[in-house]
Amino acid sequence: MEYGDEIVRRVRELAPSLAERAREAEDARRLPDATIADLAASGLFGMLVPKRFGGAELGFEPMAAACRAIGAACASTGWLSVIYTLHNWMVALFPEQAQEEVWAERPYALIPCVLAPTGTAEPVDGGHRVTGRWSWGSGSMHADHAMVMGLVTVDGAIEPRLFLLPRADVTVHDVWHTSGMRGTGSNDIEVADAFVPAHRSVPMAALTEGRSPGSRVHEAPLYRTPLVPVFALTSAAPVLGVAEGVLALFAERMRSRRMAYSGERQRDLMSAQIRLATATADLAAARLLLEDAVRDVTEATAAGDAAGLPRRARTRLVAAHVAATSRRVVNELCGAAGASTQFADSPFQRAQRDVNTISGHVVFDPDAAYALYGRIELGMDPGPVVLV
């Protein structure tokens, strides 16, 4: 068994424990420390870390499979699995000195990252001074570092740059009071005039085009992959996992559930059989679409052909479509599962709130993603500021 498959096996074995802790995570609005420890021990967080720093240097395919399996047990845990694993890969895109500092003590770090450019950075001798406040800092409650996007103005031109800061330079504001995805602890992150040395920042353009400083340090194609396709596709994996988890729960429930008044078993109703079959087909198709897109990006990167706009736009299309399909299936199955699934201790209602919340993420906006793909496919200008 290859190591990537072994990590997937390990996280699947953790699934029952993660599901049991889902209510605890929701109530605390952060993942339990035991969950962080279990995921770290599985090898998940170091999957994409270069071997020279003690990581496994695996690909995005086993990483997406692992995070999908975790999402089936707990949406918040699945989302943070992507956050913490992918952001370690992003550290590998920074200059070598930053990597040495972050991974000095262990081959992974716990890093929230906000790509929205709601901060500013002033060039100074040796680096930048960064100021700003960013929302949606998923994983902030266990963070030992943070990454934020700031706008730098040089000679009248504006350049978005990603900055990597130690936790001591960051203030976390406890604002994450939401109906869904409560366990992600996606609080606001604030930085007040912190100095960030030059080796801890990277131009966003270098990340989106797969030509980061780290791509010149590490030979593996993994570190030449454009950022947005990877972020979009791997983020969709736990969302799909949530729907697959609900499908399994629905199938189990309908075997024994009797309908009110009629007393019929739900399994004997053709309507329930059709819902089960339709959801199965829809999610299988979504899984194949996602796996194909991840494989395509991986192969294109190895061939030096991953940075083109059409391919990058397709990944946004796939991610949004997978998330929309997952959301629709979850809502339909929860509606067919009966009113008793809306009790606070039911995993159905939690999954429904979670998938409806995470579907609001900008990367899953179907209108924007579909329009973006259509414009680029038709040879039109996608616009000056797009996430692609």
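Contact annotation: the side chain of Val322 never approaches that of Val239 to less than 4.5 Å [non-hydrogen atoms, C-beta and beyond]. Taking the side chain as every heavy atom from C-beta outward, Pro382 and Val388 never approach each other to under 4.5 Å. Side-chain contact check for Ile83 versus Leu80: some heavy-atom pair is nearer than 4.5 Å. Side chains of Pro95 and Val202 form a contact here, defined as non-hydrogen atoms less than 4.5 Å apart. Side-chain atoms of Met90 and Leu164, non-hydrogen and from C-beta on, never get closer than 4.5 Å to each other. Using a 4.5 Å heavy-atom threshold, the side chains of Val172 and Arg167 count as touching. Considering only heavy atoms from C-beta on, Ser326 stays 4.5 Å or farther from Val246 through its side chain. Proximity of Val82 to Met63: side-chain heavy atoms (C-beta onward) are separated by under 4.5 Å at one or more points.
Note on Tyr3: it clusters hydrophobically with Phe60, by side-chain heavy-atom contacts below 4.5 Å among ILVMFWY residues. Placement of Val363 and Val230 within a single hydrophobic cluster is found when ILVMFWY residues are connected by side-chain heavy-atom separations under 4.5 Å, directly or transitively. Both Met204 and Leu86 are assigned to one and the same hydrophobic cluster, defined by single-linkage of ILVMFWY side chains at heavy-atom distances under 4.5 Å.
Counting only distance, with no hydrogens or angles, the side chain of Arg161 and the backbone of Gly150 share no donor-acceptor pair below 3.5 Å. Remark: the backbone N or O of Ala307 is paired with a side-chain donor or acceptor of Arg312 at under 3.5 angstrom. The closest donor-acceptor contact from the side chain of Thr118 to the backbone of Arg133 lies under 3.5 Å. In this structure, the side chain of Arg12 does not engage the main chain of Ala69 through any donor-acceptor pair within 3.5 Å. Side chain of Trp103 to backbone of Ala92: no donor-acceptor contact under 3.5 angstrom is found. Between the side chain of Arg316 and the backbone N or O of Leu387 there is at least one donor-acceptor pair closer than 3.5 Å. No donor-acceptor pair closer than 3.5 Å links the side chain of Asp354 to the backbone N or O of Gly180. In terms of modelled atom types and a separation under 3.5 Å, the side chain of Thr357 and the main chain of Ser179 share no donor-acceptor contact. The main-chain N or O of Arg29 is never found under 3.5 Å from a side-chain atom of Arg182 such that the two would form a donor-acceptor pair. The backbone N or O of Ala336 lies less than 3.5 Å from a partner atom in the side chain of Gln266, making a donor-acceptor pair.
Under 3.5 Å, the side chains of Arg253 and Ser340 contain a donor-acceptor pair of N or O atoms. With no hydrogens or angles considered, a side-chain donor-acceptor pair links His218 and Gln99 at under 3.5 Å.
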Asp282 vs Glu332, side chain to side chain contact (heavy atoms under 4.5 Å, CB included): CA-CA, chis, key distance, verdict = CA-CA 12 Å; Asp282 285 346; Glu332 288 178 353; 5.5 Å; no
With side chain to side chain contact (heavy atoms under 4.5 Å, CB included) as the test, would you mind laying out the steps for Arg287 and Arg68 before giving the verdict?
-> CA-CA 10 Å; Arg287 176 179 58 80; Arg68 197 178 106 236; 3.2 Å; yes
So His145 and His87, side chain to side chain contact (heavy atoms under 4.5 Å, CB included) or not? Walk me through it.
-> CA-CA 10 Å; His145 292 76; His87 294 173; over 6 Å; no
Determine, step by step, whether Leu93 and Leu162 satisfy the side chain to side chain contact (heavy atoms under 4.5 Å, CB included) criterion, reporting the C-alpha distance in whole Å, the side-chain angles of both residues, the deciding distance to 0.1 Å, and the verdict.
-> CA-CA 11 Å; Leu93 308 183; Leu162 188 65; over 6 Å; no
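In terms of heavy-atom proximity, Ser81 sits nearest to Leu39 at OG-CD1, 3.7 Å. Across every non-hydrogen atom of Val124 and Arg129, the tightest pair is CG1-CG, 3.7 Å. Looking at every heavy atom in both residues, Thr131 comes nearest to Asp193 through OG1-N, 3.0 Å. Minimum heavy-atom separation, Asn88 to Val49: CB-CG2, 3.7 Å. Nearest heavy atoms, Ala15 versus Ala73: O-CB, 3.4 Å. Heavy atoms only, all atoms of each residue included: Val242 and Ala351 are closest at CG1-CB, 3.8 Å.
Between Glu6 and Arg9 a salt bridge is recorded (basic side-chain N to carboxylate O distance below 4.0 Å). Under the 4.0 Å criterion applied to side-chain N and carboxylate O atoms, Arg295 and Glu291 are not assigned as salt-bridge partners. Salt-bridge formation is detected for the pair Asp292/Arg314: a Lys NZ or Arg NE/NH1/NH2 atom is positioned less than 4.0 Å from an Asp or Glu carboxylate oxygen. At a threshold of 4.0 Å, the pair Asp169-Arg200 does not count as salt-bridged, since none of the basic side-chain nitrogens sits closer than that to a carboxylate oxygen.
Within the structure, the ring pair (Phe, Tyr, Trp, His ring centres under 6.0 Å) test picks out the following pairs touching residues 227-275 (sequence neighbours left out): Phe231-His361. Each ring pair (Phe, Tyr, Trp, His ring centres under 6.0 Å) pair with one or both residues in residues 6-31, not counting sequence neighbours, would appear here, but there are none. Residue pairs meeting the ring pair (Phe, Tyr, Trp, His ring centres under 6.0 Å) criterion with at least one partner in residues 158-177, sequence neighbours excluded, are His128-Phe163, Trp136-Trp176.
Residues meeting the ring-ring contact (aromatic ring centres under 6.0 Å, His included) test with His321, sequence neighbours left out: none. Legend: residues meeting salt bridge (charged side-chain N to carboxylate O under 4.0 Å, His left out) with Arg327, ordered by chain and number and at least two apart, are absent. With sequence neighbours excluded, the residues satisfying side-chain hydrogen bond (donor to acceptor under 3.5 Å, both in side chains) with Ser186 are Ser138, Thr184. With sequence neighbours excluded, no residue satisfies ring-ring contact (aromatic ring centres under 6.0 Å, His included) with Phe348. Residues satisfying the side-chain hydrogen bond (donor to acceptor under 3.5 Å, both in side chains) criterion with Glu20, sequence neighbours excluded, are absent altogether. Legend: residues meeting salt bridge (charged side-chain N to carboxylate O under 4.0 Å, His left out) with Glu190, ordered by chain and number and at least two apart, are absent. Considering only residues two or more places apart in sequence or on other chains, Ser135 meets the side-chain hydrogen bond (donor to acceptor under 3.5 Å, both in side chains) condition with Asp188. Residues satisfying the salt bridge (charged side-chain N to carboxylate O under 4.0 Å, His left out) criterion with Arg23, sequence neighbours excluded, are Asp27. Listed by chain and residue number, Tyr84, Tyr108 satisfy the ring-ring contact (aromatic ring centres under 6.0 Å, His included) test with Phe45 (two or more places apart in sequence, or in another chain).
In this structure, the separation between OG1 on Thr315 and CG on Leu233 is 5.0 Å, given to the nearest 0.5 Å. Here the NE2 atom belonging to His142 is positioned 4.5 Å from the CD1 atom belonging to Ile36, to the nearest 0.5 angstrom. Taking CG of Leu317 as the start and CG of Leu372 as the end, the distance is 9.0 Å to the nearest 0.5 Å. The distance from the SG atom of Cys113 to the CE atom of Met149 is 6.5 Å, given to the nearest 0.5 Å.
Other residues, nucleotides and ligands contribute only 12 or fewer heavy atoms inside 6.0 Å of the CD atom of Glu122.
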